[in-house]
Amino acid sequence: MPADWPTTEAEALAVQQRLRGLVEPSGPGPAPDALIAGVDVAYDDDRDVVVAAAVLLSLSTLAVVEETTATGRISFPYVPGLLAFRELPTVLDALADLRHTPDLVVCDGYGLAHPRRLGLASHLGVLTGLRTLGVAKTPFTFVFDQPGPERGATAPLLDPETGEQVGAALRTREGTKPVFVSVGHRIGLAESVATTLNLTAGYRQPETTRRADSLCRRALAAAVS
DNA sequence: GCGACAG
DNA sequence: ATCTTGTCGC
């Protein structure tokens, strides 16, 4: 974990305030043959163990190129709006162990769709300089109209306080609930949506997230047994 | 004051 | 996130 990692909510809020202006909310999508990393985290709060996984996929084939895992101690409680402080220390360790540098990192959660516009995907992007985007499973505090039933349909994800568009509800699969895509860092929303769609094959969630999720669960089970 | 609230 | 069986559907 970074040496100066916050331990209180007040410190965490101050960090968000400092980093929020560094997010670059536009940029190109990845090249057709890019290497895309998916990251996810699993916890055992009772044993104070957290395991992060990073899985690198080829965007063109969705084949796994590389996988890493990192284990740590729980650094922060779950507080809505401060999830990055709980997840990122171990995620940073897992990413650092990859032999290739990802062209894009896909996070399980939000980027700009965040009360202070610094969800974990944007936070990770600012800390590493990597291109990032977030794909979340629930709309958090935001509002949206149902996108059309067909794969690829989108609808704006809006901040009910300001009316500002913070992301998109995206139907990745017919007959299932949409996912919620938002910009992380150095990529635009249209590019984030298109890339998420390209990473989705037969399931609601992108393959990056599915692979990272199953890997960190398996690694956690192995770590505590 | 109370509830809701990414994972 | 996590606790958890069977079950409906492709």
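These numbers come from a predicted model, not from an experiment. The sequence lines fix the lettering, A, B, ..., with proteins before strands; numbering per chain opens at 1.
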May I ask you to evaluate whether [X] reaches the phosphate of [N], defined as a side-chain N or O under 4.0 Å from OP1 or OP2?
X: R217(A); N: dT2(C); value: yes
X: Y43(A); N: dG7(B); value: no
X: K137(A); N: dA6(B); value: no
X: T141(A); N: dA6(B); value: no

Is [X] touching bases, backbone alone, or none of the nucleic acid, heavy atoms closer than 4.0 Å?
X: L82(A); value: base
X: R173(A); value: nothing
X: G81(A); value: base
X: A113(A); value: nothing

How many Å lie between [atom1] on [X] and [atom2] on [N], as a whole number?
X: R86(A); N: dC5(B); atom1: CZ; atom2: C1'; value: 15 Å
X: L112(A); N: dA6(B); atom1: CG; atom2: C1'; value: 14 Å
X: L157(A); N: dA6(B); atom1: CG; atom2: P; value: 12 Å
X: L120(A); N: dC5(B); atom1: CG; atom2: P; value: 18 Å
X: L118(A); N: dA6(B); atom1: CG; atom2: C1'; value: 13 Å
X: D45(A); N: dA1(C); atom1: CG; atom2: P; value: 12 Å
X: L88(A); N: dA1(C); atom1: CG; atom2: C1'; value: 15 Å
X: L83(A); N: dG7(B); atom1: CG; atom2: C1'; value: 5 Å

Which residue is it: V55(A), L35(A), L57(A)? I am looking for the one with a side-chain contact (heavy atoms from CB on, under 4.5 Å) to V65(A).
L35(A)
E87(A) and side-chain contact (heavy atoms from CB on, under 4.5 Å): which single residue from L120(A), D108(A), V39(A) fits?
L120(A)
CD of Q205(A) to OG1 of T172(A): how many Å apart, nearest 0.5 Å?
8.0 Å
Against the six-membered ring of Y110(A), is R117(A) placed for a cation-pi contact (under 6.0 Å from the centre, within 45° of the normal)?
no
Is it true that D45(A) and R86(A) make a salt bridge, defined as a side-chain N closer than 4.0 Å to a carboxylate O?
yes
Ion pair check, D40(A) and R217(A), cut-off under 4.0 Å
no
DNA chain B: stems of at least 3 consecutive Watson-Crick or G-U pairs, cut-off 3.5 Å?
none
Evaluate the criterion side-chain hydrogen bond (donor to acceptor under 3.5 Å, both in side chains) for residue pair S214(A) and R218(A); output intermediate values, then yes/no.
CA-CA 6 Å; S214(A) 85; R218(A) 276 179 281 134; 3.2 Å; yes
Considering only side-chain heavy atoms of L220(A), which listed nucleotide, dT2(C), dG7(B), dC5(B), is closest?
dT2(C)
